[in-house]
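Worth saying up front: this structure is predicted, and the values here are computed from it rather than measured. In this chain, numbering begins with 1 at the start of the sequence shown.
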Amino acid sequence: MKFLSIIILLLVSFSSQQKDENIYTADLIIYGGTSAGIMAAVQAKKMGKSVIVVSPDIHLGGLSSGGLGFTDTGNKSVIGGLAREFYHRVYLHYQQDSAWKWQKKEEYGNKGQGTPAMDGENRTMWIFEPHVAEQVFEDFAEENKLEIHRDEWLDREEGVTKENGKITQITTLSGKTYHGKIFIDATYEGDLMAAAGVSNHVGRESNATYDEKWNGVQVGVYQHRHYFQKKISPYLIPDDSSSALLPEISSEPPGENGTGDHRIQAYNYRMALSRHPDNRVPFAKPENYDPARYELLARVYAAGWDQTFEKYDPIPNLKTDTNNHGPFSTDYIGKNYTYPEASYAERKQILKEHTDYQKGLMYYMANDQKVPREVRDEMAQWGLAKDEFADNGNWPHQIYVREARRMIGEYVMTEHDVLGAKEVPEPVGMGSYSLDSHNAQRFVTDEGFAQNEGDIGVHPEKPYSISLGTLLPKKEECTNLLVPVCVSSSHTAFGSIRMEPVFMILGQSAAAAASLAIDQDIPVQELSYADLKVVLDNEDQVLTQKE
């Protein structure tokens, strides 16, 4: 009998131990292994806090390590703190001879957005290969002994527990539970924010919502070259409106200018391409390839368009960060509207459709006889970079989620803030990029031609501050959550804020605010901005433009 009791006690103890192995506790729980998430974790550790990063992704750094190596910097002088440290570490990497495997350093030269890619005076480099960025994030993680749980996906239906307006724990689909004093949602989608019941918006607000000019539908606004500059028939039988529409064109009317809608700017993959013969993987023919879906591009070529390679932006080692360019390109326009709120399974299907479209497009441009010979000849020199994304068939592991949910929080940034029409309260960082939105739809004009809509690019006269309130939910909704990526802003303001350096800046500032709130045991909304500013100044964050 005594022996049996011992066995039972051991079994109970073992069961309890097994259960406890799936329960984790830290001062700060960060959901998302993006650039913002890693910088937030580093800052919290610097302030003596225990941190767990719960990352759905295996790879750290989000889009910064996922193909966007030709950084959208804007005014570099406003990039401070850990963000600048990141670009300094990139600079140090490329000072090594071993970093230049496929190209000599002097052959790369100073290129990129009108300023040097490699800024020797400030010891920063803004343009880099994806695997280099990922290693920098891994170095941050190792040096700061970050606890990172990868491939852990929030249970969005039942995985967030709240008591008295506070998140007490989150649970992932694998059954792991994380208890924290404060939480940070650093995902591009805002899944934790939404699951916690925080107000948010998907799509474009009307201009009337925040008294803006550049929000909502923008038919006939052409501020970049991503539109049909010539009259291109959208019909299967050219100029015959009784025939079906070509693929990749919506039959829905575009809507009245300035009105809000459910549409969001297009996504794509920022491909790392190589033109070195020994580091090039030819564009493969996808299994479900159908050249007919690219007929609209064939007509654009036939009309004389010749700008195919203008966004093959050079990164080191004879590679590119290849982005969308022109009226029909890598942006899969109109096929992402449901992504922000879709289930994981639905998102997986949306990502597959984007991948199939873009891989098919590359194969089409390299091989189809309707593509001009000079384009095919040039495409033959390019392929996917063999030494990037090796575990994913050399394809980027992160799609460019240019916009998903946006929180409606304590302070909503609008184009008035970004364009300098008003003073921004309680700044925690700065942005400077243009109000930049890619196209949101492709439709048929009243005259019967194909056209795109939604692409805007309005430049601020000077850098602008970003308010602490954009990171904070409304107090009545949640008192221990900060959101540095899906920030509280309008569609137009987010078009500028959504740059990777800014996400790093806001991630660091969010963690600083969280750490102070933990120290004082107060809701994040009650934190003294004066206290936070002292920390941010000490961390070399740039909060306002120096006169």
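The number of heavy-atom neighbours closer than 6.0 Å to NZ of Lys335, taken from other residues, nucleotides and ligands shown, is above 12. Within a 6.0 Å sphere centred on CD of Glu256, heavy atoms belonging to other residues, nucleotides or ligands number 12 at most.
Looking at Pro501 and Tyr87, their side chains come closer than 4.5 Å, going by heavy atoms from C-beta outward. Side-chain atoms of Val485 and Thr187, non-hydrogen and from C-beta on, never get closer than 4.5 Å to each other. Side-chain contact between Phe128 and Phe86 is present, with heavy atoms from C-beta onward closer than 4.5 Å. Counting heavy atoms from C-beta outward, Asp278 and Trp102 have side chains that approach closer than 4.5 Å. Side-chain contact between Glu152 and Tyr31 is absent, with no heavy-atom pair separated by less than 4.5 Å. The shortest distance between side-chain heavy atoms of His59 and Asp391 falls below 4.5 Å. The shortest side-chain heavy-atom distance between Trp382 and Phe283 falls under the 4.5 Å cut-off. Contact check for Asn392 versus Gln398: no side-chain heavy atoms found under the 4.5 Å cut-off.
In terms of modelled atom types and a separation under 3.5 Å, the side chain of Arg376 and the main chain of Val371 share a donor-acceptor contact. Using modelled atom types, one side-chain atom of Asn439 and one backbone atom of Glu453 make a donor-acceptor pair closer than 3.5 Å. When atom types are taken as modelled, the side chain of Asn394 and the backbone of Lys386 share a donor-acceptor pair closer than 3.5 angstrom. Between the side chain of Ser496 and the backbone N or O of Leu435 there is no donor-acceptor pair closer than 3.5 Å. Judged purely by atom type and a 3.5 angstrom limit, Gln451 has no side-chain atom pairing as donor or acceptor with the backbone of Phe443. Counting only distance, with no hydrogens or angles, the side chain of Tyr337 and the backbone of Ala440 share a donor-acceptor pair below 3.5 Å. Using a distance-only test at 3.5 Å, with no hydrogens or angles considered, no donor-acceptor pair links the side chain of Asp261 to the main chain of Val217. Looking at Asp185, its side chain never comes within 3.5 Å of a backbone N or O of Val483 through a donor-acceptor pair. Distance alone, capped at 3.5 Å, places no donor-acceptor pair between the Thr338 side chain and the Ala342 backbone. Judged by distance alone, the side chain of Glu205 and the main-chain N or O of Asn215 form no donor-acceptor pair under 3.5 Å.
Aromatic ring centres of Phe449 and Phe228: separated by at least 6.0 Å.
Between Gln441 and Ser250, the side chains place no donor N or O within less than 3.5 Å of an acceptor N or O (distance only, hydrogens not considered). Judged by distance alone, the side chains of Asp240 and Ser242 do bring a donor and an acceptor atom under 3.5 Å apart. Using modelled atom types, one finds a donor on one side chain and an acceptor on the other under 3.5 Å when comparing Thr172 with Ser174. Donor-acceptor pairing under 3.5 Å is lacking for the side chains of Tyr294 and Glu248. A donor-acceptor pair shorter than 3.5 Å cannot be found between the side chains of Ser490 and Glu415. Residues Thr330 and Asn268 bring a donor and an acceptor atom of their side chains to less than 3.5 Å of each other.
Closest approach of His276 to Leu318, counting heavy atoms only: CD2-CD1, 3.8 Å. When all heavy atoms of Ser437 and Gly454 are compared, the pair lying nearest together is OG-O, 3.1 Å. Considering all non-hydrogen atoms of both residues, Gly66 and Pro396 come closest at O-CB, 3.4 Å. The nearest pair of heavy atoms linking Met499 to Gly495 is CE-O, 3.3 Å. Of all non-hydrogen atoms in Leu482 and Ala510, the two that sit nearest each other are CD2-O, 3.8 Å. Across Ser243 and Ile237, no two heavy atoms sit closer than the pair OG-N, 3.2 Å.
Between Arg225 and Glu310, at least one side-chain N (NZ, or NE/NH1/NH2) sits under 4.0 Å from a carboxylate O, which counts as a salt bridge.
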- Is there a side-chain contact (heavy atoms from CB on, under 4.5 Å) between Asp417 and Tyr411 once you walk through the steps? CA-CA 11 Å; Asp417 300 284; Tyr411 186 89; 2.6 Å; yes
- Could you walk me through whether Tyr339 and Glu189 pass side-chain contact (heavy atoms from CB on, under 4.5 Å), step by step? CA-CA 9 Å; Tyr339 176 88; Glu189 295 83 5; 2.7 Å; yes
- Which is it for Lys319 and Glu388 under the salt bridge (charged side-chain N to carboxylate O under 4.0 Å, His left out) test, yes or no, and what are the steps along the way? CA-CA 10 Å; Lys319 300 177 193 175; Glu388 300 290 351; 2.9 Å; yes
- Task: List the steps and the verdict of side-chain contact (heavy atoms from CB on, under 4.5 Å) for Met362 and Leu273.
- Result: CA-CA 11 Å; Met362 302 310 290; Leu273 305 184; 4.1 Å; yes
- Decide salt bridge (charged side-chain N to carboxylate O under 4.0 Å, His left out) for Lys101 and Glu129; before the verdict, give the C-alpha distance in whole Å, the side-chain angles of both, and the deciding distance to 0.1 Å. CA-CA 12 Å; Lys101 181 177 181 180; Glu129 299 159 277; over 6 Å; no
- Apply the test side-chain contact (heavy atoms from CB on, under 4.5 Å) to residues Asp313 and Thr320: give CA-CA distance (whole Å), side-chain angles for both, the deciding distance (0.1 Å), then the verdict. CA-CA 5 Å; Asp313 292 320; Thr320 70; 5.8 Å; no
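In this structure, the separation between CZ on Arg156 and CG on Leu192 is 11.5 Å, given to the nearest 0.5 Å. With rounding to the nearest 0.5 Å, the separation of OG1 in Thr492 from OH in Tyr210 is 10.0 Å. Atom CZ of Arg263 and atom CD of Glu403 lie 13.5 Å apart (nearest 0.5 Å). The NZ atom of Lys311 sits 6.5 Å away from the CZ atom of Arg270 when rounded to the nearest 0.5 Å. Here Asp436 contributes atom CG and Gln223 contributes atom CD; the two are 10.0 Å apart, rounded to the nearest 0.5 Å. Between atom OG1 of residue Thr470 and atom CD1 of residue Ile497 there is a gap of 6.0 Å, rounded to the nearest 0.5 Å.
With a 6.0 Å cutoff to the six-membered ring centre and a 45° limit on the axis angle, Arg293 does not count as a cation-pi contact of Tyr357.
Using cut-offs of 30° and 60° on the angle between ring planes, the pair His397 and Phe389 is perpendicular. Ring orientation note: the planes of Tyr301 and Trp305 are tilted relative to one another, at an angle of 30° to 60°. Using a 30° and 60° split on the angle between ring planes, Phe503 and Phe494 fall in the tilted class, from 30° to 60°.
Evaluated for a side chain to side chain contact (heavy atoms under 4.5 Å, CB included) with Arg406, the options Met193, Met413, His201 yield exactly one hit, His201.
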